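To find a chain, count down the sequence lines: A is the first, B the second, and so on, and within it residues start at 1. Source: prediction; values computed, not measured. We use all heavy atoms of the structure for the numbers below, so side chains are in, but hydrogens, waters and symmetry mates are not.
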There are 2 protein chains.
Amino acid sequence: MTATAADDTNEFAASEQPLSIYELIREDIISGRLEPNARLKVADLATRYGTSTNPIREALQQLRGEDFVVMEPNRGARVRPIDEAFVRDIIEIEVLIEPALTKWFCSIATDADIVDLEAAQAEIEAHNFADPKHHGELDTRFHQLIYDRHYNRHAADLWWKHREILRAISRRFPTSLSRRQAVLREHRELIEAIRAQDADKAAEVVARHVEGSGRHIIEQMGVAKRNGPRRGSA
Amino acid sequence: MTATAADDTNEFAASEQPLSIYELIREDIISGRLEPNARLKVADLATRYGTSTNPIREALQQLRGEDFVVMEPNRGARVRPIDEAFVRDIIEIEVLIEPALTKWFCSIATDADIVDLEAAQAEIEAHNFADPKHHGELDTRFHQLIYDRHYNRHAADLWWKHREILRAISRRFPTSLSRRQAVLREHRELIEAIRAQDADKAAEVVARHVEGSGRHIIEQMGVAKRNGPRRGSA
DNA sequence: ATCTGTTGGATCGTACATTATTTCACATTT
DNA sequence: AAATGTGAAATAATGTACGATCCAACAGAT
């Protein structure tokens, strides 16, 4: 799979080839334009994307296979509702996988790779969390440098899929100041560990990084829920 | 062995509702009736399952999302070809996930759970690898006792999916005598570790178990390839 | 107020049209 | 004459339209 359409925000999308219906719906789910638990009527989507219903149905089935959509017989499809438990489940898997991927990267990293990582990190620090969405893209690119060339495509794809889901969520929440500091610190620690060829240290840092990221997202979700869905004044 | 497509679903005959097209195709892929890399023409499948093409197309899309089939634009679908690298990738992920699941099981296992595990193990030993397919079912049930109640549904589902793929492959190969011994020994070790509440030991045993299982499958695949490519419908 | 028949809407299955690809005969070239 | 390029027909995937079926909400009657 390896959908390498990572950094394009489908605005200049028409330049290459028209994205498939599947990709369009997927992007709309990840970006939040189609909200979690939103009903997905094939007729509506057909008019929305200017096609007939059959491509919509097939795209939804594929998305169901990827767990982005849930379907009940004769009752249609909905965007997968994402709750704290779901995020926790994904994070627990990533805490296992990402350190393993990182360890291998340590054994093949070159000077050029270190330079790339430092450049990506510099961009993150320069941007300094100004825009949550853009930060998400930069942060994804940073970690992608480490995982993308891994020989285990299955594991890398799994990371990517989880990453997109998490990005879709964290996009809606602010990043606390303490979390920002931790992110920057852990990234720097990670680069240092890789440079020092200390695979165990790098794995430990990544595990802590993922764990902390997940905890932060879950906390933000809890805050958002306590403050009530929409309906601001209290 | 020709055909016998009809009676192969006997074990689940109690199921009242007719299986969906998706489930039928999926079963045919896992059971090997649809061979790896086989071309999947919607028209053929439509006549095969006695329906029109649309349900077939949607089922294939879902299976694509689950990575059971691969599709190229305008060139149709094929059963995912499974090679050694693919198995290795899955095993590497399982080596990470299964120990973690097992550790948690240690903390919640009851006497009744131990009894169930021993009963499942007794069945495996009684059967003694007489029929590869049946052994696969028994072995799956053994491990399922450990993973099925885990709170992390995502991880458990991932295990189940990988398990089905591996079962589909190993079903075609014999189990070497040394591997058989190892399987039984490791299962007993695992039960003992759980009984002794030694989570680390249990995790270590499981990691070794998965690793060995994967290595064995990959070796068998290599043997099969050297002994000449399969006869088959192409 | 609960139950039942009706109605509206959406999903699901079938048939057909369109578009792309593969195949194979045939002509051209070396 | 063998090899290769061309093009038309066959084959199969993709898209569109429509009828059948199922479910949910609602109106009216007991």
Residues B:R171 and B:D131 bridged, charged N to O under 4.0 Å: no

If you compare every side-chain N and O of B:R39 against the phosphate oxygens of C:dT22 (OP1, OP2), does one of them come in below 4.0 Å? no

Can you confirm whether the side chains of A:Y22 and B:Q61 place a donor and an acceptor under 3.5 Å from each other? no

Are A:S20 and A:E23 linked by a side-chain donor-acceptor pair shorter than 3.5 Å? yes

Flag the pair A:H150 / A:F105 as yes when their ring centroid distance falls below 6.0 Å, and as no otherwise. no

Name the residue closer to the 5' end of DNA chain D, choosing between A:E58 and B:K41 according to the nucleotide with the nearest heavy atom. B:K41

Using heavy-atom distances to pick each residue's nearest nucleotide on DNA chain D, tell me which of A:N54 and B:L40 is more 5'. B:L40

Any base atoms under 4.0 Å from [X], or only sugar-phosphate, or nothing? Heavy atoms, all strands.
X     : value
A:N74 : sugar-phosphate
B:T53 : nothing
A:R75 : sugar-phosphate

Over how many whole Å does the gap from [X] atom [atom1] to [N] atom [atom2] extend?
X     : N      : atom1 : atom2 : value
A:I21 : D:dG15 : CD1   : P     : 8 Å
B:D44 : D:dA13 : CG    : C1'   : 13 Å
A:E72 : D:dA24 : CD    : C1'   : 13 Å
A:Y49 : D:dT16 : OH    : P     : 16 Å
A:M71 : D:dC22 : CE    : P     : 17 Å
B:Y22 : C:dG13 : OH    : P     : 16 Å
B:R78 : C:dT21 : CZ    : P     : 16 Å

Side chain A:R57 and base C:dG13 donor-acceptor under 3.5 Å: yes

Which of these passes ring pair (Phe, Tyr, Trp, His ring centres under 6.0 Å) with B:H135: B:F142, B:F129, B:F173? B:F129

